[in-house]
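I have placed the structure first, in the form of structure tokens, so that the comments after it can refer back to it.
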Amino acid sequence: MTDAPDQRREDMLREMGISPLWRLRAAAPVAMPPAPDAGAGVLAAAEPPPAMPPAAATPATVIDDMDWAALKSCVAGCTACGLHQNRNRTVFGVGDEQADWLFVGEGPGADEDAQGEPFVGQAGKLLDNMLAAIDLKRGANVYIANIVKCRPPGNRNPQPDEAQSCAPYLKRQIALIRPKLIVALGKVAAVNLLGRDASISSLRGKIHDCNGIPLVVTYHPAYLLRTLQDKAKAWEDLCFAVESMRRLQSATLAAT
Ligand code: SF4
């Protein structure tokens, strides 16, 4: 007989379309690479501030000193890039402000723009199921944010200048949260956080470095909704992330 937590996990994985692989993948050890890849990323590039910042931008050095309240207020009124023109609401981020886990997507979609919260709608539901499958929950030791805080028109990818303009906010969020592990959701998040172009397939399964914080890469939930065959890979990535977190926590304990 399957107990309730196992049944809950099976239900969630079935919804992700990967239920048959759950026990196989969970039982497999996850290999860790010997050393992190070096990374610069849009966050590192944001300091020092660009030589010609947009006229309405708050200087990155000022953002670097903000507390949560000041940062939220600054984002809410931001007009530093063209994305402010069509937004209904900024989407700051949500969750535990002292979380060990930080999940970063690319930018708000229509539902997020309407509600002011990242990852709502179908992609958000899948992300919540992915979190639950590894015993995590939105808001409990988990923070969720995006590369840009305003919706790109037509759900296109953020342009490099837009990501660059918004980077100081995410950089400050990361500095305030101090997560143990960042999970980049999709290529846009990964290349902006790491500062180099690469395919998702080449970035998966490795620990990267995002300004001193370990980072792993997996697919964006919206992509997974369209691409059934990659859901199994996403599950492998989640297992890798969990194993990476265990090792990071063990290393922290050993150092104290
Ligand atoms: Fe400002 Fe970021 Fe919105 Fe651009 S996307 S207007 S930088 S908050």
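Note that ligands are numbered from 1 as they come in the structure, with each ligand's atoms numbered from 1 the same way. The figures that follow rest on heavy atoms only: side chains count, while hydrogens, waters and symmetry mates do not. None of the values given here were measured: they were computed from a predicted structure.
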Original post:
Okay, side chain of Arg87, backbone of Asp113: is any donor-acceptor separation there less than 3.5 Å?
Top reply: no
**OP:** Test Leu181 against every option in Asp100, Val216, Val242 by the side-chain contact (heavy atoms from CB on, under 4.5 Å) rule and name the one that passes.
**Re:** Val216
Original post:
Of all heavy-atom pairs between Ala145 and Phe119, which one has the smallest distance, and what is that distance?
Top reply: O-CE1, 4.4 Å
Original post:
Short list, please: which atoms of ligand 1 are under 4.0 Å from a heavy atom of Arg87?
Top reply: 3 (Fe), 6 (S)
**OP:** Less than 2.8 Å from atom 4 (Fe) of ligand 1 is the window; count the protein N, O or S atoms in it.
**Re:** 1
Original post:
Do you know which two heavy atoms are closest between Tyr219 and Leu185, and how far apart they sit?
Top reply: O-CD2, 3.9 Å
Subject >> Minimum-distance pair of heavy atoms, taken over all atoms of Ile147 and Ala163 >> reply: CG2-CB, 3.8 Å
Original post:
Counting only heavy atoms not in Gln159, do more than 12 sit closer than 6.0 Å to its CD atom?
Top reply: yes
